[in-house]
There are 2 protein chains.
Amino acid sequence: METNAETAAERKCPIETVIQLLGGKWKPLILWHLLDAAKRFSELEKLIPEVTQKMLAQHLRELEADKLVTRTIYPSVPPKVEYALSDYGKTMVPVLETMCAWGENHNRLSSRPIAQAIAPV
Amino acid sequence: METNAETAAERKCPIETVIQLLGGKWKPLILWHLLDAAKRFSELEKLIPEVTQKMLAQHLRELEADKLVTRTIYPSVPPKVEYALSDYGKTMVPVLETMCAWGENHNRLSSRPIAQAIAPV
DNA sequence: AGTCATGCTTACTTTTAAGTAAGTGCCCTA
DNA sequence: TAGGGCACTTACTTAAAAGTAAGCATGACT
């Protein structure tokens, strides 16, 4: 994918970085649900009914690989696995909150045909 | 796509809203370049050399449809078209800045294998 | 022996996003 | 009359993301 000389760091816009970490159809929602407390796989399934197990597992694994989320296995039976924001993930909370605040406002202003918000066109 | 009863507003996570607006391979970069000043099509092409005209046009049209960006045509010849953050788009600046700040920090900490940042794994 | 729950994985299909390359319309300058 | 600059479109191809459906391992409970 990176075929030319410049490194990712040199030309990458930091906004893109965040979007890449959060981009993925279910990641914002997953993080959103982890904001208040750790959740197990089956809880997330219930909280996000439209997500398939495959996508939930895949996105959780990606969030884990990106160090935003931790995965803790309790050796009980039936198995219990808990997902939580990592310390590093918590550093992103202010970002998520800022996004939330804007997003809420935006949703209020425009549900569907997006925004006829401020400007008196 | 929306086949069941609940409305988008009811179940949409506000973070998702922001990501949907910014999601698109070139949108963060476009916005990033519009932060300081309005730019014309050809300027954006030069600033983002990897983008194709098709994608640049498409993403600009989407940003315009979302009211984040304005498009001003100057009836000169050859044509001149300027893209700028709308007033509404400017309300997103703090969000973009927060994301930038985190993203920069993240990029610094981890160029490539992502983040061994805080937690002493 | 059969069923249940949990937390997944795998193989395959469909959908969506992005990229390629060529073309358009305008008027201006050489 | 020919070519150039600007700001795009259009038709088509490719690649990436998401979805579907089924299967698996463990051990407990009946």
Side-chain angles (χ1 to χ4, degrees), chain A residues 1-4 8 11-13 15-16 19-31 33-34 38-66 69-84 114, chain B residues 1-4 8 11-13 16 19-31 33-34 38-66 69-84:
Chain A
M1 222 179 213
E2 298 287 328
T3 43
N4 60 18
R11 69 151 177 38
K12 180 171 283 164
C13 154
I15 300 170
E16 250 181 279
I19 301 253
Q20 271 172 29
L21 256 23
L22 301 183
K25 186 158 170 190
W26 307 103
K27 285 185 191 174
L29 223 36
I30 293 170
L31 257 9
H33 285 299
L34 296 183
K39 301 269 154 59
R40 48 197 296 197
F41 192 87
S42 52
E43 290 181 285
L44 289 170
E45 277 190 87
K46 276 163 215 152
L47 289 165
I48 315 174
E50 317 94 310
V51 79
T52 60
Q53 292 184 318
K54 181 203 153 184
M55 288 315 295
L56 183 55
Q58 181 178 311
H59 281 177
L60 283 169
R61 272 181 277 119
E62 288 172 12
L63 289 169
E64 198 195 349
D66 290 339
V69 159
T70 57
R71 177 171 183 265
T72 313
I73 305 170
Y74 296 91
S76 56
V77 71
K80 174 175 173 179
V81 180
E82 248 187 15
Y83 295 92
I114 291 179
Chain B
M1 219 180 214
E2 296 288 328
T3 44
N4 60 17
R11 67 149 179 42
K12 180 172 281 162
C13 153
E16 250 181 278
I19 301 255
Q20 272 171 29
L21 257 21
L22 301 183
K25 187 159 170 188
W26 306 103
K27 285 185 191 175
L29 222 37
I30 292 169
L31 257 10
H33 285 300
L34 295 183
K39 300 270 154 57
R40 48 197 296 196
F41 192 89
S42 54
E43 290 181 284
L44 289 169
E45 277 191 85
K46 276 163 215 152
L47 289 165
I48 313 174
E50 316 95 309
V51 79
T52 60
Q53 292 185 316
K54 181 204 152 184
M55 289 312 296
L56 183 55
Q58 182 177 312
H59 281 177
L60 283 170
R61 271 181 276 117
E62 288 172 12
L63 289 170
E64 199 196 348
D66 291 339
V69 159
T70 58
R71 179 171 182 264
T72 312
I73 306 170
Y74 296 91
S76 57
V77 71
K80 175 175 174 180
V81 178
E82 249 188 16
Y83 295 91

### Query
If you round to the nearest 0.5 Å, how far is CG of A:Leu47 from CD1 of A:Ile30?
11.0 Å
### Message
From CG of A:Leu47 over to P of C:dG7, roughly how many Å is that when rounded to an integer?
### Response
13 Å
### Task
Give B:Tyr74 one of three labels, base, sugar-phosphate or nothing, depending on what nucleic acid heavy atoms sit under 4.0 Å from its own.
nothing
### Task
Could you state the atom-to-atom distance from CG of A:Leu56 to C1' of C:dT6 in whole Å?
13 Å
### Query
Is there a side-chain contact between A:Ile73 and A:Arg71 (heavy atoms, below 4.5 Å)?
yes
### Query
Rounded to the Å, how far apart are A:Ile73 CD1 and D:dT26 P?
15 Å
### Query
What integer distance in Å separates A:Ile48:CD1 from D:dA18:P?
13 Å
### Under-4.0 Å side-chain N/O to phosphate OP1/OP2 contact, B:Arg71 with D:dA7
no
#### Entry: Nearest-Å distance for atom pair CD1/P, residues A:Ile19 and C:dA18
12 Å
### Query
Do the non-hydrogen side-chain atoms of B:Leu56 and B:Glu45 ever get within less than 4.5 Å of each other?
yes
### Query
Rounded to the Å, how far apart are B:Lys25 NZ and C:dT16 C1'?
14 Å
Dump every N/O contact between nucleotides 4-6 of chain D and the protein below 3.5 Å, one line per pair.
| unit_1 | atom_1 | unit_2 | atom_2 | d |
| --- | --- | --- | --- | --- |
| D:dC6 | O3' | B:Arg40 | NH2 | 3.3 |
| D:dC6 | O3' | B:Pro79 | O | 2.8 |

### Spacing between B:Glu50 atom CD and C:dA18 atom C1', to the nearest angstrom
14 Å
### Message
Using whole Å, what does the distance between atom P of nucleotide C:dT20 and atom CD of B:Gln58 come to?
### Response
14 Å
### Query
Is the phosphate of C:dA18, meaning OP1 or OP2, less than 4.0 Å from a side-chain N or O of B:His59?
yes
#### Entry: Close side-chain approach of A:Leu44 and A:Leu60, heavy atoms under 4.5 Å
yes
### Query
With side chains defined as the heavy atoms from C-beta onward, is the minimum distance between A:Glu64 and A:Asp66 less than 4.5 Å?
no
### Query
What's the spacing between A:Glu50 CD and A:Met55 CE if we round to 0.5 Å?
13.0 Å
### Query
Side chains of A:Lys46 and A:Glu43: closer than 4.5 Å at any heavy-atom pair?
no
### Task
Return the 5'-most residue of the pair B:Lys54, B:Glu43 with respect to DNA chain D, ranking by each residue's nearest nucleotide.
B:Glu43
